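Here the structure is a predicted model, which means the values were calculated and not measured. As a basis for the values below, the full set of heavy atoms in this structure was taken, side chains included, without hydrogen atoms, waters or symmetry mates.
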Amino acid sequence: MATPQSDPSLSPLKTIAVVGLGTMGTGITEVLAKAGREVIGIDVSEAQAARSVAALETSTARAVARGRLTEQERADVLGRVRTGTDLTAAADADLVIEVVPESYDIKHQVFRELDGIVRPETILATGTNALSVTRLAADSARPERVLGLHFFNPAPAMKLVEVVSSVLTAPSAVAAVTDLAIELGKEPVAVGDRPGFVADGLLFGYLNQAAAMYEAKYASREDIDAAMRLGCGLPMGPLALLDLIGVDTARTVLEAMYAESRDRLHAPAPILKQLSEAGLTGRKSGRGFYTYEAPGSAVVVRDALTPLDGAALTPGRTVRSVGVAGSGTMASGIAEVFAKAGYEVVLAARSEEKAQAAKARIGKSLDRSVGKGRMTAEAAAQTLDLITPAGSYDAFADVDLAVEAVAEDLEVKRQLFATLDKVCKPGAVLATTTSSLPVVACARATSRPQDVIGMHFFNPAPAMKLVEVVRTVLTAEDVHATVREVCAKIRKHAVDCGDRAGFIVNALLFPYLNNAIKMVEEHYASLDDIDAAMKLGGGYPMGPFELLDVVGLDVSLAIEKVLHREFRDPGLAPAPLLEHLVAAGCLGRKTGRGFREYARR
């Protein structure tokens, strides 16, 4: 079925010049031509212009093969594009979009030349994501006609377009470009002029922290990337994304952000400079954080840092039965996971009634799985039969692995571990599911700290594939091996990390969420625009404010405080708006109001 084309008569911007025909410029050209615009593609390199046309021919041929365009429509699209190497070709353009390299000098030169070529009413748009639109506008002969138009890569697929105004930009220019973006089938978000704007402003701080985490050898590149994909549902891990964007490009964006914010979270991690200066800029060079089959290839190949498949670990201890301490959603979810994998499970709570209620919750969950065809009624019954509820932790006397999932309170957990130390047999592995507290503090509450480890499951445990395996400096090698083996048997992806606040996921996720709140505090962008920007521009399954309201603002604040206390970085201080909402009892969906209001059930 052919894609319906926009009616170009709706917009006064009918002829558009695109300056710079790299990947982004070529993508923008395709979007414009498919929407009925006459496009003038300009690049200093004749060879690059030819490559751009070839890419457009390939892309439109693929669209025909998939039934998205007819042959006639393809011919019309290609007929609307002409290319050249001279900026004078832009003389008749209603709008010029430059997407040349991220350099003030290069962009200034383009804008200065365009001033002498285009008509007075022509709008000049920069595709920068890092440089000051205001600075570019101020040096132009027509600052009121200069704005930012930031597409996301790949431009034909990504819906978000950030429309960036400077204090000099005429509202009529913003309105014309916003209307065009809508007619192109994009979702425009209006933002002010600051480095990174909304999406990259939040994204690059997170990428920078991931690079610093890797540089500190806290976790492997594979584990950092897997943790963020599986723990947050992101389409790519941060280090793989840095390689895709270009390590040098990321460094440029972060330098611009740091120059304005002076926030240490934006100060480029030294490894970004080292890789850039060594020419290891990511996929485009064939090597960055990972090594690729060839320059420009997406295929990762083994290198000296690639973990060996099936690398021999210290043999683990035998685990046949598992004790799960707690009666909440996390405890019942973990018990369900172990029972589904065939383990005998003792589910112990502070009372027999609470334990029975937790088992009943598991029964309902299994019934839902049966209803959705994910398991048979017989398998569900067998799974439930493997779970024995108990009103006392004395029932853990014979378990091989005890996993606690009680309140996220250090004193409560320490008391529980002291109890487990007394009731569990020698050699039993004792695990905590804490997401933010020091595992070693739980270990020190026992007489066997070498047997204690962190197993951080994610909620809901039956659905989420990730487990962060947290070793303390006291954890025995065979205890670590045991937990890795158990994770494989319960079909979870284990990632290794050390015992520090936030582990991998929360240490990267919550500063990003905090920075989103700061954007709202500073009246830079609205909740809706920020959520839309991260979903449409970053591929996030939820926007930051949707996620904060789901997690709970009180839980989020507690984690922010732990991170700030541990790392002592002023940039990690919880945003005052978050503290005010928690103080007002606005905790998110669970109270009916957080950053947004929700219908009471």
Side-chain angles (χ1 to χ4, degrees), residues 210 213 218-220 222-234 237 319 322-326 328-338 341 401-410 412-414 416-417 420 429-443 449 451-475 479-511 513 547 550-552 555-556 558-560 562-563 566:
M213 179 182 279
Y218 175 67
S220 71
E222 288 83 2
D223 280 356
I224 291 171
D225 279 355
M228 298 313 291
R229 282 188 294 104
L230 299 173
C232 295
L234 301 182
V319 176
V322 178
V324 178
T329 305
M330 182 60 86
S332 56
I334 293 170
E336 179 180 334
V337 166
F338 278 107
L401 166 64
V403 182
E404 71 77 15
V406 298
E408 191 73 346
D409 178 298
L410 186 55
V412 171
K413 289 187 188 294
R414 283 174 55 83
L416 176 58
F417 271 84
L420 296 178
V429 174
L430 310 180
T432 172
T433 61
T434 183
S435 61
S436 59
L437 301 174
V439 177
V440 75
C442 297
D451 291 342
V452 178
I453 194 166
M455 280 184 83
H456 179 213
F457 287 80
F458 287 73
N459 210 7
M464 298 294 280
K465 292 292 184 187
L466 183 69
V467 175
E468 290 178 318
V469 177
V470 188
R471 282 182 286 186
T472 76
V473 291
L474 303 173
T475 304
V479 168
H480 172 244
T482 302
V483 168
R484 295 281 309 197
E485 289 170 10
V486 165
C487 285
K489 286 176 184 171
I490 61 175
R491 300 177 71 181
K492 299 295 182 188
H493 186 107
V495 296
D496 285 323
C497 51
D499 185 20
R500 74 180 202 190
F503 311 135
I504 297 174
V505 174
N506 286 346
L508 295 178
L509 174 64
F510 280 89
L513 296 174
L547 183 56
V550 168
V551 169
V555 173
S556 302
I559 294 172
E560 295 280 6
V562 168
L563 291 171
E566 173 113 337

With sequence neighbours left out, the residues meeting ring-ring contact (aromatic ring centres under 6.0 Å, His included) with Phe458 are His456

- Message: Taking the side chain as everything from C-beta on, heavy atoms only, tell me whether Met213 gets closer than 4.5 Å to Arg500.
- Response: yes

Smallest heavy-atom separation, Phe503 atom then Leu437 atom, equals CZ-O, 4.2 Å

- Query: For Ser435, does its backbone N or O pair with a side-chain atom of Glu408 as donor and acceptor, under 3.5 Å?
  - Reply: yes

Taken in chain and number order and not counting sequence neighbours, the residues that satisfy side chain to side chain contact (heavy atoms under 4.5 Å, CB included) with Ser556 are Phe510, Leu548, Val551

Side-chain contact, heavy-atom cut-off 4.5 Å: Cys232 with Val505? yes

Looking only at heavy atoms, the pair that brings Pro449 and Leu474 closest together is CB-CD1, 3.7 Å

Q. With a 4.5 Å limit on heavy-atom distance, are the side chains of Tyr218 and Asp223 in contact?
A. no

Note: Ile504 and Glu468 closest approach over all heavy atoms is N-OE2, 3.1 Å

Nearest heavy-atom contact between Ala443 and Val452 is CB-CB, 3.7 Å

For Asp499, the side-chain hydrogen bond (donor to acceptor under 3.5 Å, both in side chains) test, sequence neighbours excluded, returns none

All heavy atoms of Leu466 vs all of Ala227, minimum pair found to be CD2-O, 3.5 Å

Ignoring hydrogens and geometry, is there a side-chain-to-backbone donor-acceptor pair from Lys492 to Phe457 under 3.5 Å?
no

* Are Ile224 and Leu508 close enough, and set up right, to give a side chain to side chain contact (heavy atoms under 4.5 Å, CB included), and what steps lead you there? -> CA-CA 10 Å; Ile224 291 171; Leu508 295 178; 4.2 Å; yes

Hits for side chain to side chain contact (heavy atoms under 4.5 Å, CB included) against Asp451, two or more places apart or cross-chain, chain-then-number order -> Arg317, Arg448, Val479

May I ask you to test the Thr434-Val470 pair for a side-chain heavy-atom distance under 4.5 Å? no

Contacts of Ala405 meeting side chain to side chain contact (heavy atoms under 4.5 Å, CB included) (sequence neighbours excluded), chain-then-number -> Met330, Ala331, Ile334, Thr433

Sorted by chain and residue number, the side chain to side chain contact (heavy atoms under 4.5 Å, CB included) partners of Val562 (sequence neighbours excluded) come out as Ser436, Ala501, Arg565

Closest non-hydrogen atoms of Arg484 and Ala494, given as atom of the first, atom of the second and distance, are NH1-O, 3.4 Å

Heavy-atom distance under 4.5 Å between the side chains of Glu566 and Pro438, does that happen here?
no

Measuring only between side-chain heavy atoms, which start at C-beta, is Leu401 closer than 4.5 Å to Thr482?
no

Note to self: Do Met464 and Asn459 make a side-chain contact, defined as non-hydrogen atoms from C-beta onward lying under 4.5 Å apart?
What the structure shows: no

CG of Asp409 to CG of Leu416, rounded to nearest 0.5 Å, is 11.5 Å

